[in-house]
Structure formats: C-alpha cells, structure tokens
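Down below is the structure, laid out as structure tokens.
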Amino acid sequence: MEIHITHGQGIIKALYDGFASCLIIRRPVAVNWPDSRGSVGEYYAVSELSEKEKITFADGLNQALVDGTEAEIMMGIEDFLKLFENGIYQVNLGKIPYDNSNFYMSRSLPVDEHTNDQKFSGWFYPFDDFNYLYTLESKSIDPERTEYYIDLIRKGGRPKPVIFYSLYHLDPMLSCAFVLDGHHKIEAYTRLKMDIPAVFMVKDNNDYSSASEIMHGAYHLLQDVEFEHLFQNNEDNLPHINFLNDEVLTDALDKILKESERIDIPVIEVLIRHHTSGLPEDKIWLNQRLESLAENIHLSFFNFRKGLNVYFPQYIEDYKANTWFLKTLRNTMELNTWINDTILR
C-alpha cells in the first residue's frame with residue numbers, strides 16, 4: 001500500500017548519508033502516559049493532536065496490531081504516518097525470519113545508573129547483512145510484558161511489531177531497519193523461536209540525508225569514542241559540512257583535536273580545505289582549530305607522552321599520485337613541522 005504524506009509533523013524520520021544511518025525521534029521531556037500505550041503512545045504524546053485524539057489513535061493502532069484485520073492495521077498506520085515527515089511511504093505486512101535476523105538494543109553501562117550522563121553504550125551498531133535496531137534500551141524491556149505476549153502467541157494470537165526504514169535508491173542494501181513499536185512482541189517471538197509477523201513501513205528517498213543532521217542527532221546520544229569514530233571515518237561527507245556556521249560540530253571537532261590519539265585523513269582534509277579556500281573567515285577558523293590541536297593531551301614539549309598519530313601525503317611514482325602514510329608526532333616541535341608540511345603547504 002502506498003501512502004503519500006503531505007502535512008506530516010516530522011516527529012519521526014530516518015536519515016542516511018551513505019555512511020551512517022540515524023533515527024530521529026522527537027520525544028517528550030515529561031509526559032504522564034500510561035505504559036499500556038507503549039511506544040506508539042509516546043510518539044502520539046508529542047504530536048499536535050488534541051488529548052482525546054492522541055488516546056483514540058494510539059489505542060486504535062495498538063489494538064489493531066494485536067488482533068486487527070489487515071484493513072484495520074492499514075487504517076491505523078495511515079493515521080500514524082501523519083507523525084512522520086512528508087514523503088511517499090510503502091506499507092506492507094510480512095514476516096521477519098527468525099533464523100537469519102539480528103536484533104540490537106542499547107545496554108547502559110553501570111556508570112550510567114549513578115550519574116547524570118545520558119550517553120549510553122550500545123546506540124552505535126556495527127553493520128551486518130541486515131539489522132533490526134531497537135529504539136528502547138534493554139532496561140526498558142519488561143519481562144512480565146514479554147511473558148504476556150508469549151502466552152498470547154501460544155494461544156494463537158499474532159501481535160505485530162512496527163518496523164520502519166528509509167530506502168535510498170542509490171544504495172538500498174545499506175538501509176537500516178528500526179523497531180518503532182513491538183519490542184516486547186519481538187522478544188516473545190524470539191523466545192519461542194518463531195518467525196515474526198510485522199508491519200513494514202518504508203520511506204522512498206532519491207537523495208542521501210545531510211551528514212551534519214546525522215552528526216547532530218548522534219552527538220548527544222553516543223559515547224565520546226563512538227561519536228569520534230563516526231566523525232573521523234565519514235570521509236565522503238565530512239568535507240561537505242559547513243563548520244563555519246556550525247558551532248556544535250566545530251566544538252566536537254575541537255574536542256577530537258585536543259583529546260584524540262589519532263587525527264584521521266577526513267579531519268586533516270577538512271583543515272586543508274579551510275586553508276586552501278583563501279577566505280579570511282576560513283583562515284580564522286583554521287587558526288583556532290590549530291590552536292586546539294596544539295593542546296592535544298598526547299603531545300608534550302619533550303617526549304614524555306606516547307604521541308599523536310597523524311597522516312602525511314607522499315607522492316608515489318608508480319601510482320602517479322599522493323598516498324597517505326601514518327606517522328607518530330612525539331612533541332610540539334614535530335607537530336609544528338607536520339602542520340607546515342601537510343596543512344599549510
């Protein structure tokens with residue numbers, strides 16, 4: 001079933017820039033919402049609907065996903081899609097095969113339970129053939145709710161989770177699938193080692209998302225080491241970020257320059273780009289970044305610390321091109337030489 005959304009509220013959207021996928025959900029800060037309405041209820045809670053409409057639509061979709069007909073499910077999903085961004089969506093019923101599907105969920109580090117740190121380990125997932133990514137942490141999975149669905153399934157019920165992914169026609173095999181609702185249902189089916197009947201919602205996209213939008217979405221979610229990996233390895237998209245007008249990502253870059261053990265090629269190319277542009281504002285921006293790099297904690301005036309790993313270009317005759325080589329800078333004098341030879345050349 002194809003559904004066109006023209007006045008969507010933009011509460012839920014999936015992003016992909018050719019390197020990383022990110023699900024953006026506008027969540028409530030403080031909402032008294034009964035647990036029985038689950039994730040669907042949370043999404044509706046931040047919608048622009050009236051309180052009565054929120055309850056009616058959430059309850060209707062939840063009930064349809066448990067024991068509704070296909071027509072009832074589609075009706076509920078069509079209303080649900082009004083919470084998404086504008087676009088064309090394909091909605092179908094299908095099954096998730098138990099034998100070759102992987103489900104990932106965030107698991108909080110013990111320290112998170114005793115601090116105000118909201119960065120949870122596990123929101124950064126490795127790529128596999130096809131992943132289903134939970135939008136709930138493991139601590140939010142209620143064993144009693146899972147047992148409820150196990151009993152329901154054993155009695156013949158077939159409750160359905162809701163799966164969402166954005167399909168990018170440039171690279172369809174790299175789209176990730178996000179579990180928007182039905183985490184406990186999936187837990188029940190996997191405990192029973194059964195294929196999982198599900199509702200699949202797919203947004204059609206012709207172009208990739210903005211890398212800066214993905215970075216902003218990930219910045220407050222990932223651990224520092226996870227965000228640094230995403231930042232430093234996004235070589236195709238990092239050069240296109242407008243750092244001059246992005247204070248958040250510039251601050252993130254400064255943190256990497258000051259604290260990382262390694263400065264990767266994409267970051268080096270960003271620095272070079274601001275030097276070669278010739279614009280006064282780019283020069284000012286670059287000088288500030290080089291000041292941050294000079295404060296890197298792995299460098300010292302002498303060779304007391306383990307050093308900073310960087311890359312430098314060298315022309316290779318056989319390839320008729322420059323190739324990047326790794327080297328370790330032990331002190332600030334070596335850093336200054338590398339800056340002059342690599343960044344400011």
Side-chain angles (χ1 to χ4, degrees), residues 1 3 5 8-14 21-28 31 33-47 49 53-70 72-85 89-96 101 103-106 123 131-150 152-153 157-166 175-191 194-203:
M1 179 179 179
I3 300 175
I5 300 299
Q9 297 184 32
I11 292 172
I12 305 170
K13 57 183 175 180
S21 298
C22 181
L23 180 70
I24 303 294
I25 299 174
R26 190 205 316 164
R27 287 198 181 275
V31 175
W33 198 260
D35 288 342
S36 59
R37 293 191 175 96
S39 298
V40 168
E42 288 191 13
Y43 304 138
Y44 273 114
V46 292
S47 71
L49 300 171
E53 288 174 321
K54 291 175 184 178
I55 294 173
T56 299
F57 286 133
D59 286 350
L61 179 54
N62 278 326
Q63 190 60 47
L65 292 171
V66 172
D67 58 13
T69 64
E70 181 174 347
E72 290 170 335
I73 292 173
M74 291 300 179
M75 184 181 300
I77 290 295
E78 189 167 4
D79 289 328
F80 184 46
L81 279 173
K82 294 174 184 176
L83 303 183
F84 290 62
E85 62 179 333
Y89 296 81
Q90 305 292 334
V91 182
N92 298 285
L93 300 184
K95 287 190 176 182
I96 302 172
S101 299
F103 298 93
Y104 295 94
M105 74 174 78
S106 169
W123 289 122
N131 294 329
Y132 295 89
L133 309 183
Y134 276 21
T135 53
L136 286 183
E137 289 184 86
S138 58
K139 67 181 183 181
S140 297
I141 300 298
D142 182 356
E144 292 186 4
R145 191 67 176 164
T146 301
E147 289 294 336
Y148 166 80
Y149 282 117
I150 288 176
L152 180 63
I153 294 167
R158 291 296 180 265
K160 299 170 183 64
V162 177
I163 309 298
F164 172 55
Y165 61 97
S166 274
S175 300
C176 287
F178 298 94
V179 179
L180 291 187
D181 181 72
H183 303 80
H184 294 92
K185 300 169 189 173
I186 291 175
E187 290 291 301
Y189 281 114
T190 53
R191 288 262 300 274
M194 294 175 59
D195 291 346
I196 305 166
V199 180
F200 295 92
M201 304 189 308
V202 184
K203 184 177 185 295

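Throughout, numbering of the chain's residues begins at 1 and tracks the sequence.
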Quick one: does [X]'s side chain get under 4.5 Å of [Y]'s, heavy atoms only?
{"X": "Tyr132", "Y": "Ile196", "answer": "no"}
{"X": "Ile77", "Y": "Tyr89", "answer": "no"}
{"X": "Ile163", "Y": "Val179", "answer": "yes"}
{"X": "Asp181", "Y": "Asn62", "answer": "yes"}
{"X": "Leu93", "Y": "Val199", "answer": "yes"}
{"X": "Tyr134", "Y": "Ile186", "answer": "yes"}

Who passes ring pair (Phe, Tyr, Trp, His ring centres under 6.0 Å) against [X], sequence neighbours left out?
{"X": "Phe164", "value": "Phe84"}
{"X": "Tyr148", "value": "none"}
{"X": "Phe200", "value": "none"}

Please enumerate all residues that pass side chain to side chain contact (heavy atoms under 4.5 Å, CB included) together with Asp195, with sequence neighbours excluded.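 By the side chain to side chain contact (heavy atoms under 4.5 Å, CB included) rule, Asp195 matches Lys95, Pro97, Tyr98.
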For Ser140, enumerate each residue passing the side chain to side chain contact (heavy atoms under 4.5 Å, CB included) test, keeping only those at least two apart in sequence or located in another chain.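 Here the qualifying residues are Leu136, Glu137.
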Restricting to salt bridge (Lys or Arg N to Asp or Glu O under 4.0 Å), what partner residues turn up for [X], sequence neighbours left out?
{"X": "Glu70", "result": "none"}
{"X": "Lys82", "result": "Asp79"}
{"X": "Arg158", "result": "none"}

Smallest separation among heavy atoms of [X] and [Y], with atom names:
{"X": "Gly68", "Y": "Ile73", "value": "O-CD1, 4.0 Å"}
{"X": "Gly76", "Y": "Leu61", "value": "C-CD1, 3.8 Å"}
{"X": "Pro159", "Y": "Lys185", "value": "CB-CD, 3.8 Å"}

State which residues pass side-chain hydrogen bond (donor to acceptor under 3.5 Å, both in side chains) with [X]; sequence neighbours excluded, sorted by chain then number.
{"X": "Glu78", "answer": "none"}
{"X": "Asp142", "answer": "none"}
{"X": "Tyr149", "answer": "Arg145"}

Spatial distance of atom CE (Met201) from atom CG (Leu180) [nearest 0.5 Å]: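 Reported value, rounded in 0.5 Å steps: 5.0 Å.
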Atom pair CD1/CE of Ile3 and Met74 - distance to nearest 0.5 Å: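 Here the rounded value is 7.0 Å.
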Between His184 and Glu144, does a side-chain contact (heavy atoms from CB on, under 4.5 Å) hold up when you go through it step by step? CA-CA 9 Å; His184 294 92; Glu144 292 186 4; over 6 Å; no
Short question: side chain of Lys160, backbone of Pro197 - any donor-acceptor pair under 3.5 Å?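 Answer holds: no.
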